[in-house]
Q: 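Here you go, one structure.
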Amino acid sequence: MVVGLVETAVPAAKSTVSSAVKKPTTLSSDPIINVARGDPTIYEPYWKKMGDRCKVVIAGDEFMSYFYNAMNLCWFLLPELDNAIRTLHRVVGNAMVDDDKFIVVGNGSTQLFHALLYALSSPDMPEPINVVAAAPFYSVSIQLQPLQSYPEETKFLRSELYKWAGDANCYDRDEPYIEVVTSPNNPDGSIRGTVENREGGKAIHDVAYYWPQYAPITSKADHDAMLFTFSKATGHAGTRIGWAIVKDKVIAAKMVKFIEVSSIGVSREAQLRAAKVLGFIADDCRNPDVKGENFFEYGRRLMSERWGKLREVGMKSNGVFSLPKYPRDYCKFTGEYTDSNPAFAWLKSKEGLNCENLLRDESKIISRGGPSFGVDSTYTRVSMLSRDVEFELLLERLAAVKGTVNGN
């Protein structure tokens with residue numbers, strides 16, 4: 001019996017493809033599809049089409065010193081990148097970037113996450129501060145092995161300043177804590193706020209996916225500490241640039257110190273490229289008379305089409321898998337009601353099935369199972385950000401899955 005995905009989400013935008021399901025290939029001869037990782041290669045065609053419009057030329061004598069401006073709090077942050085970040089956030093309207101807020105640049109948001117844990121903890125505390133996140137919480141993998149997640153990142157350095165304390169929904173200790181809030185959430189795409197609101201609590205808001213291609217922009221995020229990343233905003237994961245928007249000067253200064261000690265700053269070549277790309281996107285959005293889609297219009301259309309195809313697979317199946325429901329909301333960036341199109345599909349199998357094992361054993365699909373995110377094995381996460389050929393093959397494989405309990 002051929003099964004696939006059951007439609008439980010909101011109606012998708014019209015797909016430009018009449019059918020998402022092609023005749024399945026011989027699965028035994030096909031290569032493994034790795035959709036456990038969130039490598040954003042989906043955007044390659046757009047940037048290839050842009051050609052030299054984001055080209056950066058660096059002379060041999062540029063950027064030779066460790067230092068740029070020792071008088072700035074974040075002394076390794078290029079002013080070009082600072083300006084590009086603030087400008088794009090103002091254009092999109094997804095974050096408050098008033099002049100009294102501090103921008104701290106890092107080597108991806110992973111380094112900034114560690115910098116914030118360091119900045120929000122204290123060596124004077126008798127015990128390490130507890131770090132919690134509501135399940136399902138962030139977890140990713142590169143290639144076939146797990147690389148990063150909030151629990152792994154928190155435990156990795158075996159710091160005496162902080163320790164992983166599990167699911168925020170179950171946290172009942174009368175002790176200081178740091179809650180990590182991801183919104184839109186990775187893996188399930190839900191919009192979230194803090195679970196714990198006790199005295200002495202602190203929060204890190206990871207808003208990496210709060211961009212128009214993934215979710216409606218309903219308001220300007222304005223939290224004490226917010227994390228963004230170049231990879232999720234534009235697809236340039238290899239540039240390894242992230243930034244934090246921080247209200248408190250003391251916290252920002254401690255973050256800068258962490259990055260100074262761990263990597264002596266951030267590559268200025270990478271910052272210059274990020275500044276060029278972010279500036280290009282902002283200019284494109286501010287000039288709607290220019291022919292063609294701006295980057296966010298392109299990304300939103302592409303993500304909507306992919307979700308439409310995935311839901312089409314579900315409508316032709318008999319209910320082994322289900323997808324979350326995402327409410328439509330008014331997007332202030334687009335000026336219309338839009339759907340959420342998360343970067344990951346959060347699949348749930350019927351009871352008795354290990355979703356990750358089912359996809360792997362029957363269809364050679366490598367996904368990221370629920371236990372990695374703090375929930376049970378009926379869930380698994382599938383990336384929606386792969387290249388077109390990989391995504392189309394994923395749809396074929398999902399449509400051909402036969403749900404049984406015998407393989408567990």
Q: Please evaluate residues Tyr177 and Val131 with respect to the criterion side-chain contact (heavy atoms from CB on, under 4.5 Å), reporting the C-alpha separation (whole Å), side-chain torsions for both, the decisive distance (0.1 Å), and the verdict.
A: CA-CA 6 Å; Tyr177 67 90; Val131 180; over 6 Å; no
Q: Can you check whether Tyr326 reaches Asp339 side chain to side chain, under 4.5 Å on heavy atoms?
A: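 Answer no - side chains too far apart.
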Q: Supply the atom-to-atom distance Ser121 OG to Leu116 CG, rounded to the nearest 0.5 angstrom.
A: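 Here the rounded value is 10.0 Å.
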Q: Got more than 12 heavy atoms from elsewhere within 6.0 Å of CG, Asp174?
A: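 No - once you tally the heavy atoms of other residues, nucleotides and ligands closer than 6.0 Å, there are 12 at most.
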Q: Roughly how far apart are Asp206 CG and Thr182 OG1, rounded to 0.5 Å?
A: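 The OG1 atom of Thr182 is 4.5 Å from CG of Asp206, to the nearest 0.5 Å.
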Q: Side chains of Ile178 and Val132: does their closest heavy-atom pair fall under 4.5 Å?
A: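 SC-SC contact between Ile178 and Val132 ruled out.
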Q: Counting only N and O atoms by type, is there a donor-acceptor contact under 3.5 Å from the side chain of Ser383 to the main-chain atoms of Leu385?
A: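 Between the backbone of Leu385 and the side chain of Ser383 there is a qualifying donor-acceptor contact (under 3.5 Å).
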Q: With no hydrogens and no angle check, just 3.5 Å: does a side-chain donor-acceptor pair link Thr378 and Glu351?
A: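 The answer is no; no qualifying pair exists.
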Q: Between Asn94 and Lys220, is there a side-chain heavy-atom distance shorter than 4.5 Å?
A: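 No, every pair of side-chain atoms sits at 4.5 Å or beyond.
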Q: Looking only at non-hydrogen atoms, find the nearest pair between Lys202 and Leu120 and report the distance.
A: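 Closest pair (atom of Lys202, atom of Leu120, distance): NZ-O, 2.7 Å.
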Q: Salt bridge or not between Glu297 and Arg301? Use side-chain N to carboxylate O under 4.0 Å.
A: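 Here Glu297 does not pair with Arg301 in a salt bridge, since their nearest N and O are not under 4.0 Å apart.
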Q: Can you list the steps and then say if Val266 with Arg240 is a side-chain contact (heavy atoms from CB on, under 4.5 Å)?
A: CA-CA 9 Å; Val266 178; Arg240 307 310 307 132; over 6 Å; no
Q: Please confirm whether Phe228 and Trp211 have ring centers closer than 6.0 angstrom.
A: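 Yes - the distance between ring centres of Phe228 and Trp211 falls below the 6.0 Å cut-off.
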Q: For the pair Lys254 (side chain) and Ala119 (backbone), establish whether a donor and an acceptor sit closer than 3.5 Å, ignoring hydrogens and angles.
A: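 Here the side-chain-to-backbone pair exists.
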Q: Would you give the length of the straight line joining atom CG of Asp224 to atom CD1 of Ile245, rounded to the nearest 0.5 angstrom?
A: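 Interatomic distance, Asp224 CG to Ile245 CD1, rounded to 0.5 Å: 12.5 Å.
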Q: Identify which one of Ile42, Leu310, Asn341 satisfies the side chain to side chain contact (heavy atoms under 4.5 Å, CB included) criterion when paired with Met384.
A: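 Among the candidates, only Leu310 passes.
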Q: Counting C-beta onward and ignoring hydrogens, is there a side-chain heavy-atom pair between Asp376 and Pro371 closer than 4.5 Å?
A: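 No. Closest side-chain heavy atoms not under 4.5 Å.
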Q: Could you check Ile241, Leu81, Thr87, Asn83 and say which one makes a side chain to side chain contact (heavy atoms under 4.5 Å, CB included) with Leu278?
A: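 The residue from Ile241, Leu81, Thr87, Asn83 that satisfies side chain to side chain contact (heavy atoms under 4.5 Å, CB included) with Leu278 turns out to be Leu81.
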Q: Is it true that Arg300 and Glu336 have a side-chain N and a carboxylate O under 4.0 angstrom from each other?
A: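 Result for this pair is yes, salt bridge flagged.
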Q: So, the side chain of Asn354 versus the backbone of Asn357: is there a donor-acceptor pair under 3.5 Å, distance only?
A: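 Between the backbone of Asn357 and the side chain of Asn354 there is a qualifying donor-acceptor contact (under 3.5 Å).
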Q: Can you tell me if Arg198 uses its side chain to pair, donor with acceptor, with the backbone of Arg173 under 3.5 Å?
A: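 Pair found, side chain donor or acceptor close to backbone of Arg173.
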Q: Any sub-3.5 Å donor-acceptor pair from Tyr162's side-chain atoms to Ser122's backbone N or O?
A: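 Between the backbone of Ser122 and the side chain of Tyr162 there is no qualifying donor-acceptor contact (under 3.5 Å).
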Q: Taking Thr380 for the side chain and Arg368 for the main chain, is one N or O donor matched with an acceptor at less than 3.5 Å?
A: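 Yes, because the side chain of Thr380 sits within donor-acceptor range (under 3.5 Å) of the backbone of Arg368.
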Q: For Asp188 and Ser190, does a side-chain donor sit closer than 3.5 Å to a side-chain acceptor?
A: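 There is such a pair between these side chains.
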Q: Taking Asp100's backbone N and O only, do any of them form a donor-acceptor pair with Asp98's side chain (distance below 3.5 Å, no angle check)?
A: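 Checking the backbone N and O of Asp100 against the side chain of Asp98, no donor-acceptor pair under 3.5 Å is found.
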Q: Measuring from Ser363:OG to Ile33:CD1, what's the distance to the nearest 0.5 Å?
A: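 If I round to the nearest 0.5 Å, the distance is 8.0 Å.
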Q: Determine whether a donor-acceptor pair (N or O, by modelled atom type, separation under 3.5 Å) exists between the side chain of Gln271 and the backbone of Leu78.
A: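 Yes, the answer is positive, given that a donor and an acceptor are paired below the 3.5 Å cut-off.
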Q: Are Lys276 and Glu80 close enough for a salt bridge, meaning some N to O gap below 4.0 Å?
A: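 Answer for the salt bridge query: no.
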Q: Once you round to the nearest 0.5 Å, how far does CE of Met226 lie from CD1 of Ile204?
A: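 Answer rounded to 0.5 Å: 13.0 Å.
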Q: Would a line drawn from the ring center of Phe296 to the ring center of Phe333 be shorter than 6.0 Å?
A: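 Centroid distance Phe296-Phe333: below 6.0 Å, so yes.
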Q: Please confirm whether the backbone N or O of Cys74 pairs with a side-chain atom of Asn72, one donor and one acceptor, at under 3.5 Å?
A: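 No: the side chain of Asn72 does not pair with the backbone of Cys74.
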Q: Would you say that Ser340 contacts Pro184 through its side chain, given a criterion of any heavy-atom pair below 4.5 Å between the two side chains?
A: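 Sidechains of Pro184 and Ser340: no contact.
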Q: Salt-bridge test for Glu260 and Lys257: reply yes if a basic N is under 4.0 Å from a carboxylate O, no otherwise.
A: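 So Glu260 pairs with Lys257 through a salt bridge.
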Q: Where is the tightest heavy-atom contact between Leu77 and Ile103, given as atom of each residue plus distance?
A: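 For Leu77 versus Ile103, the nearest heavy atoms are CD2-O, 3.5 Å.
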Q: Are Tyr171 and Asn130 close enough that a side-chain donor and a side-chain acceptor fall under 3.5 Å?
A: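 Per modelled atom types, Tyr171 and Asn130 side chains form a pair under 3.5 Å.
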Q: Evaluate the side-chain proximity of Val246 to Met255: yes if any heavy-atom separation is below 4.5 Å, no if none is.
A: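 Yes - at least one pair of side-chain heavy atoms lies under 4.5 Å apart.
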Q: Taking the six-membered ring for Trp and the full ring for Phe, Tyr or His, determine whether the centres of Tyr379 and Trp346 are under 6.0 Å apart.
A: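 Under 6.0 Å, so yes.
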Q: Run the numbers on Lys101 and Val97 for side-chain contact (heavy atoms from CB on, under 4.5 Å), then give the verdict.
A: CA-CA 6 Å; Lys101 291 182 173 62; Val97 283; 5.7 Å; no
Q: Leu394 versus Ile365: any side-chain heavy-atom pair under 4.5 Å?
A: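 Leu394 reaches Ile365 side chain to side chain.
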Q: Using side chain to side chain contact (heavy atoms under 4.5 Å, CB included) as the criterion, point out the one residue from Val401, Val313, Leu353, Val382 that pairs with Phe321.
A: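 The side chain to side chain contact (heavy atoms under 4.5 Å, CB included) with Phe321 is passed solely by Val401 among Val401, Val313, Leu353, Val382.
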Q: Measuring from atom CD of Glu127 to atom CD of Glu175, what distance do you get when rounded to the nearest 0.5 angstrom?
A: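 One finds 7.5 Å between CD of Glu127 and CD of Glu175.
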Q: Considering non-hydrogen atoms only, spot the tightest contact between Ala237 and Ser231 and give its length.
A: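 Scanning both residues, the minimum pair turns out to be CA-CB, 3.4 Å.
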Q: Hey, can you tell me if Phe137 and Trp164 have their rings parallel, tilted or perpendicular (30° and 60° cut-offs)?
A: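 Perpendicular: the ring planes of Phe137 and Trp164 meet at over 60°.
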Q: Go through the steps for Arg90 and Asp99 under the test salt bridge (charged side-chain N to carboxylate O under 4.0 Å, His left out), then give the verdict.
A: CA-CA 12 Å; Arg90 290 183 180 119; Asp99 291 340; 3.5 Å; yes
Q: Applying side-chain contact (heavy atoms from CB on, under 4.5 Å), run through Ser367 and Arg360 and close with a yes or a no.
A: CA-CA 7 Å; Ser367 59; Arg360 183 193 64 212; over 6 Å; no
Q: Evaluate the ring-ring contact (aromatic ring centres under 6.0 Å, His included) criterion for residues Tyr43 and His236: first the C-alpha distance (whole Å), next the side-chain angles of each, then the deciding distance (0.1 Å), finally the verdict.
A: CA-CA 9 Å; Tyr43 302 120; His236 294 86; 8.8 Å; no
Q: Is it true that a side-chain atom of Arg192 and a backbone atom of Asn185 form a donor plus acceptor pair closer than 3.5 Å?
A: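 A pair under 3.5 Å: no.
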Q: Are Tyr68 and Phe76 an aromatic pair, judged by ring center distance below 6.0 Å?
A: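 Ring centres of Tyr68 and Phe76 not closer than 6.0 Å.
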Q: State whether Lys247 and Asp222 are salt-bridged, where the test is any N-O pair (Lys NZ or Arg NE/NH1/NH2 against Asp/Glu carboxylate O) under 4.0 Å.
A: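 So Lys247 pairs with Asp222 through a salt bridge.
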Q: Test Glu356 against Ser377 for side chain to side chain donor-acceptor pair (under 3.5 Å), laying out the working first.
A: CA-CA 7 Å; Glu356 179 184 12; Ser377 62; over 6 Å; no
Q: Can you say whether the rings of Tyr46 and Tyr298 are parallel (under 30°), tilted (30 to 60°) or perpendicular (over 60°)?
A: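 Tyr46 and Tyr298: tilted rings.
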Q: Report yes or no: is the cationic atom of Arg306 (NZ for Lys, CZ for Arg) under 6.0 Å from the centre of the six-membered ring of Phe391, at an angle within 45° of the ring normal?
A: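 The answer is yes; both the distance and angle limits are met.
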Q: Look at the aromatic rings of Tyr118 and Phe258 and report parallel, tilted or perpendicular, splitting at 30° and 60°.
A: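 Correct class here is tilted.
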Q: Just checking, Arg381 and Phe344: is the charged tip under 6.0 Å from the six-membered ring centre and within 45° of the axis?
A: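 That pair qualifies as a cation-pi contact.
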Q: Strictly by modelled atom types, are Asn107 and Ser263 linked by a side-chain donor-acceptor pair under 3.5 Å?
A: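 A pair is found: one side chain offers a donor N or O, the other an acceptor, under 3.5 Å apart.
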